[in-house]
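Notes follow once the structure below has been shown.
All chains are named by letter (A, B, ...) in the order of the sequence lines, taking the proteins before the strands, and each is independently numbered beginning at 1.
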2 protein chains.
Amino acid sequence: MARRVQKPATQVTADDVARKLGVSQSTISRAFSMTASISEKMKRRVIDASNALGYQPNVIARSLITRRTNMVAIVMANLVDPFYPVVLDELVQQVQARGFQTLLFVPSPGQPVDDIMPNLLQYQVDAIVLTSATISSAMARTCAARDTPVVSFNRYVPGLQIHAVASDNIAGARQVADYLVSTGHERPAFIAAQRDATTNIDRRHGFMSRLKELGMPACLEEEAGDFSYEAGYAATKRLLRKAKRPDAIFYASDIMAAGGIDAARELGMGVPEDVSIVGYDDVPMAALPCYSLTTIRQPVAEMAKVAIDLLGLADPRGTKSAPAMRTIMGSLITRSSTMNRGTAGAGRKRKAAR
Amino acid sequence: MARRVQKPATQVTADDVARKLGVSQSTISRAFSMTASISEKMKRRVIDASNALGYQPNVIARSLITRRTNMVAIVMANLVDPFYPVVLDELVQQVQARGFQTLLFVPSPGQPVDDIMPNLLQYQVDAIVLTSATISSAMARTCAARDTPVVSFNRYVPGLQIHAVASDNIAGARQVADYLVSTGHERPAFIAAQRDATTNIDRRHGFMSRLKELGMPACLEEEAGDFSYEAGYAATKRLLRKAKRPDAIFYASDIMAAGGIDAARELGMGVPEDVSIVGYDDVPMAALPCYSLTTIRQPVAEMAKVAIDLLGLADPRGTKSAPAMRTIMGSLITRSSTMNRGTAGAGRKRKAAR
DNA sequence: TTGAAAGCGTTACCAG
DNA sequence: CTGGTAACGCTTTCAA
C-alpha cells in the first residue's frame with residue numbers, strides 16, 4: 001500500500017490564481033476590489049478560477065497595507081448581569097451589519113481594562129467599544145494618538161476624551177419618582193450599587209432630587225455595593241428589617257430588584273401589597289410573571305446603533321469626530337411589582353373603600 | 001497664531017526604535033521574541049526605548065509571516081437562552097488564558113453558519129468553536145484542508161469530521177427518569193425542542209428508554225418546536241389541558257421548563273404539588289426561588305476547558321489530533337420544583353397519611 | 001550576539 | 001484595462 005504523501009496544507013494565494021490564468025497577480029487583487037477598474041469579462045474569469053482553486057483573499061495581508069483590519073474590539077466587563085448579553089447581541093449585530101468583525105475581550109475578574117488595552121491595540125482594531133468599564137485618561141490619549149475611536153457604552157467619565165452613549169439615567173429616575181409619588185407612595189427608598197458608577201450616581205441623583213422637588217421628605221437609602229442579585233437581596237433584607245420601613249424601593253438595576261423581590265417575599269412581605277419594587281434596564285427577566293417588574297426600559301437597540309455610528313466606521317481615514325456624549329431617553333414600563341396606594345393624603349383608606 | 005501642523009498619526013514601528021538606538025531592526029524584533037537569542041543588556045535597552053516611543057509590535061504584521069493570528073473564532077448562534085452567556089464567558093476565559101483572542105460571530109437570525117464561514121476563514125483564525133450550530137461536511141473538509149481545527153460545543157453531527165464536546169445528554173436524561181420513578185411519579189411526560197438538535201434527541205431518547213427499562217408505560221410527549229421560554233410555555237398549556245395529565249414533565253432545557261412552570265401556575269396548578277417539573281442545563285435562573293428548578297447541571301467550565309484543549313492551540317504546527325467526541329457527565333440538582341409522591345403503589349396515600 | 005536581506009500576501013502607484 | 005514594482009511591519013535565515 002502506497003504511503004499517502006502529506007498534503008502541504010499551504011494556503012491558496014492570489015499568485016496561484018494568477019499563474020493558472022496567465023495574468024498578473026495585481027489583476028487578481030483588482031477582481032476582489034470594488035474601486036479598482038477591471039473588465040467584467042476578466043473579473044468573471046478571476047472569480048471562477050478563484051472558486052475552483054478555493055482562493056479567498058487573506059484579509060490579514062490586506063490590512064497590513066490598507067491599515068484597516070475591519071475589526072472592532074468590544075470589551076465586556078460583565079456577562080453575568082442579564083442586561084449585558086442583550087447589549088452584546090445588539091452591538092455585534094450593528095458591527096457585523098457594517099461589514100466589520102468583533103474582537104471580544106472579557107477582562108478576568110478584577111482586571112482593570114487599562115491592562116488589556118495594549119494587547120487590544122496590538123491587534124490594530126479600527127475602533128473600541130467599552131461596556132460598563134472605563135479607561136484612564138492616559139490610555140484615552142494613546143488611543144486618540146493612534147486615531148482609534150473609543151466609545152463607552154452605558155458609562156461615561158466626565159472630561160474623558162472618548163465618545164459615550166447611555167440612556168438618560170437622570171430623566172429615567174425622575175420618571176420613577178414621579179410615578180411612585182403619583183401612585184400614593186409616601187416612604188420611598190433607593191438601593192444603590194457601586195458608589196462610583198455613573199449609572200448608579202445618575203439614577204440615584206435623578207430619583208432623590210425629583211422626590212425633593214415633589215416635597216417628599218428624606219428618602220431612605222441602602223448601599224448594596226454592586227449591581228448583583230445577591231447584593232440587592234442582602235441590602236433589601238437590611239432595609240426591610242429597619243423600624244421605619246419604606247413602601248416603595250427603587251433599585252439601581254433590574255437584577256438587584258429581582259433579588260429585592262425575593263428578599264421581601266422571604267420576609268413574608270407582599271410585593272406590591274406591602275412594598276412596591278422598581279428596577280432599571282428592563283431585562284428579559286423583568287417580564288417574567290414571578291417578578292413582573294416595573295422598570296425603566298433602556299432602548300438598547302437604539303443605543304447600540306448610536307454607539308457604533310459614533311465610531312465613524314463608514315469613512316476610512318475620514319474626519320474623526322470630536323468626543324461626543326449621547327444620552328437616549330428610556331421609558332417607564334409599569335407591571336405588577338408596583339401598585340396604586342391611592343392619592344397622597346387619601347392613602348390606604350381609599351384603597352380599602354373600594 | 002501659527003497653524004498647528006496635522007500630526008501624521010502614523011504608527012511607531014520597529015524601525016523607529018532601531019533608528020533611535022542605532023541598531024538593526026532585527027534586534028528590535030528579537031527583543032520581543034522569547035526564542036531568539038539576544039543579550040540581556042540589549043534587551044533592556046530595546047524595551048526601554050520602546051516604552052519611551054510607545055512602540056508595540058504589530059501582531060497583524062507578525063501573523064503574516066508566522067501564519068498564526070492567535071485568534072480563535074467563536075460562533076454563537078444564540079445569546080438569548082441564558083445558557084449561552086455562561087458558555088461564552090467560560091469559552092472566552094479559556095481562550096484568553098492561553099494567550100489567544102476571541103473573534104466573535106453572531107449569525108443573524110436564520111443565517112446558516114456555512115454562510116459566514118468563508119468570511120471567518122479569511123481572518124486566518126487559528127481555530128473555530130461552534131456553539132449550538134453545525135456546518136456542512138463540505139465546509140468541515142475545507143477547514144481540515146486549511147489545518148484549522150473546529151470544535152462543536154453542545155452539539156454534534158454524527159460522522160462529521162470535527163471535534164465535539166457535550167454533556168452526556170443520554171446519561172443525564174436517564175438520571176432524570178430514575179429520579180422521577182424513584183420519587184413515585186407515574187405519568188411522566190417529555191417536552192421536546194427542535195426535532196433535529198442532538199441535545200434534544202439524546203435527552204429525549206435517554207429519558208424514554210430508561211422509563212421503558214423501568215417498566216413505565218408509554219411516556220407522554222409534546223413538541224414545543226424550539227428551546228425557548230415561549231415554546232415551553234405554550235407546549236405545557238397544550239399538554240396540561242389534555243384529559244390524561246402528567247404528574248411530571250421533563251423539558252429539553254431549563255428555559256423551556258421555566259415557561260412550563262409559569263404555564264402550569266397560570267392554569268391554577270401547583271408546582272410541584274400537581275406536577276413536578278425538571279429542566280436541563282442548570283442556568284442561573286433555575287436557582288431563583290420562584291422557579292427553584294430540579295435540573296441536570298451541565299459542567300460548563302469543564303466542557304469549555306475540554307473544548308479549547310481539543311483545538312491543540314499549544315503546539316503551533318503540531319500534530320492536529322483526529323476528530324474526537326468528548327462527553328462529560330452532568331449531575332442532578334434537586335430543588336423544589338419536584339417532590340416525592342411516595343413509592344410507586346403506595347402513591348398519594350402515603351403522602352396524605354403524614 | 002548582531003546585521004543584512006529575503007520574504008509573508010496583499011494593495012497601490014505608475015507606466016504602457 | 002492591465003502588468004510591473006514598491007511598500008505594509010514583521011520574523012527568519014545566513015553571514016559575520
Side-chain angles (χ1 to χ4, degrees), chain A residues 8-47 49-50 53-71 121-126 146-147 316-317, chain B residues 8-46 49-50 53-70 121-126 146-147 316-317:
Chain A
T10 181
Q11 97 176 48
V12 184
T13 76
D15 263 317
D16 298 328
V17 183
R19 223 162 1 240
K20 171 169 172 159
L21 253 46
V23 299
S24 78
Q25 184 265 325
S26 322
T27 299
I28 311 305
S29 172
R30 278 190 268 262
F32 288 92
S33 149
M34 47 219 67
T35 57
S37 61
I38 184 173
S39 69
E40 263 316 310
K41 198 176 62 184
M42 180 60 94
K43 188 164 182 170
R44 264 257 65 80
R45 286 182 61 203
V46 173
I47 299 294
S50 298
L53 267 56
Y55 169 73
Q56 295 264 129
N58 180 332
V59 302
I60 296 297
R62 170 185 298 165
S63 64
L64 190 55
I65 184 126
T66 59
R67 299 165 148 291
R68 313 192 76 230
T69 53
N70 267 253
M71 294 195 296
L121 288 170
Q122 284 189 298
Y123 274 86
Q124 317 293 122
V125 293
D126 294 339
R146 298 179 53 132
D147 257 5
R317 343 254 93 243
Chain B
T10 180
Q11 95 175 49
V12 184
T13 75
D15 262 317
D16 298 329
V17 184
R19 221 157 7 234
K20 169 169 176 162
L21 254 45
V23 299
S24 77
Q25 182 266 321
S26 324
T27 301
I28 312 305
S29 172
R30 279 190 265 262
F32 288 92
S33 148
M34 45 220 67
T35 58
S37 63
I38 184 174
S39 70
E40 262 318 309
K41 197 176 61 185
M42 179 59 92
K43 188 164 182 170
R44 263 258 64 81
R45 287 182 61 206
V46 173
S50 298
L53 267 55
Y55 169 71
Q56 295 265 129
N58 180 332
V59 303
I60 296 296
R62 169 185 298 165
S63 65
L64 190 54
I65 184 135
T66 59
R67 299 164 150 290
R68 313 192 76 229
T69 53
N70 266 253
L121 288 171
Q122 284 190 295
Y123 275 86
Q124 316 294 122
V125 294
D126 294 340
R146 296 181 54 133
D147 257 5
R317 343 251 95 245

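In this structure the side chain of B:Val59 never reaches within 4.5 angstrom of the side chain of B:Asn70, judged on heavy atoms. Contact annotation: the side chain of A:Thr13 never approaches that of A:Asn58 to less than 4.5 Å [non-hydrogen atoms, C-beta and beyond].
A straight line from CD1 of A:Ile38 to P of D:dT2 spans 6 Å, rounded to a whole angstrom. A:Lys43 places its NZ atom 11 Å from the P atom of D:dC1, with the value rounded to the nearest Å. Rounded to an integer number of Å, the gap from CD of B:Gln122 to C1' of C:dT10 is 12 Å. Taking atom CG on A:Leu21 and atom C1' on D:dT2, their separation rounds to 13 Å, with Å as the unit. Computed from coordinates, the A:Met34 CE to C:dT11 P distance equals 10 Å when rounded to whole Å.
Side-chain atoms of B:Gln124 and A:Gln11 include a donor-acceptor pair closer than 3.5 Å. For the 3.5 Å distance criterion, the side chains of A:Ser24 and A:Thr27 qualify, holding a donor opposite an acceptor.
In this structure, the helix from C:dT1-D:dA16 to C:dG16-D:dC1 shows an angle of 40° between the axis at its start and the axis at its end, each fitted on 5 base pairs and rounded to 10°.
Atom CZ of A:Arg62 and atom CD1 of B:Ile60 lie 13.0 Å apart (nearest 0.5 Å).
Residue contacts shown for B:Ser39 are limited to sugar-phosphate atoms, with no base heavy atom under 4.0 Å away.
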What nitrogen or oxygen pairs link the protein and nucleotides 9-13 of chain D at under 3.5 Å?
from, atom 1, to, atom 2, distance (Å)
D:dG9, OP1, A:Arg67, NH2, 2.3
D:dG9, N2, B:Ala61, O, 3.4
D:dC10, OP1, B:Tyr55, OH, 2.7
D:dC10, OP1, B:Asn58, N, 3.1
D:dC10, OP2, B:Ala14, N, 2.7
D:dT11, OP1, B:Arg62, NE, 2.8
D:dT11, OP1, B:Arg62, NH2, 3.2
D:dT11, OP2, B:Ser29, OG, 2.5
D:dT11, O4, B:Gln25, OE1, 3.4

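Within the 4.0 Å cut-off from OP1 or OP2 of C:dT2, not a single side-chain nitrogen or oxygen of B:Ser37 is found.
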